[in-house]
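Here's the structure, in structure tokens; my notes come after.
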Amino acid sequence: MPSYWLMKSEPDECSIDDLARLPNQTVPWTGVRNYQARNFMRDAMRVGDGVLFYHSSCAQPGIAGLAEVASAPYPDPTQFDPASRYHDPKASPEAPRWWLVDVRLVRKTRLLCLKDMRERPELADLLVLKPANRLSITPVTPDQWRRVLTALESIA
DNA sequence: GCCAACGTTGGC
DNA sequence: GCCAACGTTGGC
């Protein structure tokens, strides 16, 4: 029984189209520096879990595609790289702080934009729509997942 | 660029 | 362990 997730990506960093151009259409989900979001990747995700690929911090925020968890968790290599903006001086390969998974594109969808999401009462319980939610990774229930897919079909 | 929310840090 | 200051997120 797979679980489901919503994962935010800034299109300036990695958009759904960028993901589609990557080898195997797979990206390591680097740069998460929030413990709750890390714990989801490190402790709860399984290969094959469904992912709603969400564009954030951009002109048109919203769900831009479907993806899936494509690896077991492993330490985020950027935490060890002094040149990286995600470098963490308190982390070491012996004691990593930050973990990630690879995420693989399933398919790009029509953009289900934030405004549309808010206008659909059946999506109102999505954590990402809760006031002041800033978590970059949020769990999605199987029922919510079905309702999002239905909403995506209706705009296709 | 603004600003509200909220997680993290660090002095005590 | 408290809590004020600070930094970040992210929609607008």
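Because the structure is predicted, anything quoted here is derived from the model rather than measured.
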Side chains of A:Arg33 and A:Thr78: any donor to acceptor distance under 3.5 Å? yes
What I want to check is whether the side chains of A:Ser154 and A:Arg120 have a donor and an acceptor closer together than 3.5 Å. yes
Note: A:His87 and A:Asp81 closest approach over all heavy atoms is CB-O, 3.0 Å
Closest-nucleotide 5' rank along DNA chain B - winner of A:Gln36 and A:Lys90: A:Gln36
Just jot down the salt bridge (charged side-chain N to carboxylate O under 4.0 Å, His left out) partners of A:Asp18, sequence neighbours excluded, or say none. A:Arg21
Divergence of helical axes at both termini of the helix from B:dG1-C:dC12 to B:dC12-C:dG1 - five pairs an end, 10° steps: 20°
Sequence-distant partners of A:Gln36, side-chain hydrogen bond (donor to acceptor under 3.5 Å, both in side chains), two or more places apart: none
Holding to side-chain hydrogen bond (donor to acceptor under 3.5 Å, both in side chains), I want the full list of residues that pass it with A:Trp29, two or more places apart in sequence or in another chain. none
Return yes when atom CZ of A:Arg107 has more than 12 non-hydrogen atoms of other residues, nucleotides or ligands closer than 6.0 Å, and no otherwise. no
Taking the six-membered ring for Trp, is the centroid-to-centroid distance between A:Trp5 and A:Phe53 below 6.0 Å? no
Give a yes or no on whether the ring-centroid distance for A:Trp99 and A:Tyr74 is below 6.0 angstrom. no
Does A:Arg104 pair with A:Glu68 as a salt bridge, N-O distance under 4.0 Å? yes
Which pairs, protein N/O on one side and nucleotides 6-12 of chain C N/O on the other, fall under 3.5 Å?
{"unit_1": "C:dT8", "atom_1": "O2", "unit_2": "A:Arg134", "atom_2": "NH1", "d": "2.7"}
{"unit_1": "C:dT9", "atom_1": "O3'", "unit_2": "A:Arg134", "atom_2": "O", "d": "3.3"}
{"unit_1": "C:dG10", "atom_1": "OP1", "unit_2": "A:Lys8", "atom_2": "NZ", "d": "2.7"}
{"unit_1": "C:dG10", "atom_1": "OP1", "unit_2": "A:Arg134", "atom_2": "O", "d": "2.6"}
{"unit_1": "C:dG11", "atom_1": "OP1", "unit_2": "A:Tyr54", "atom_2": "OH", "d": "3.1"}
{"unit_1": "C:dG11", "atom_1": "OP2", "unit_2": "A:Ser57", "atom_2": "N", "d": "2.9"}

Polar atom pairs between nucleotides 1-3 of chain C and protein, under 3.5 Å, N or O only, would you list them?
none

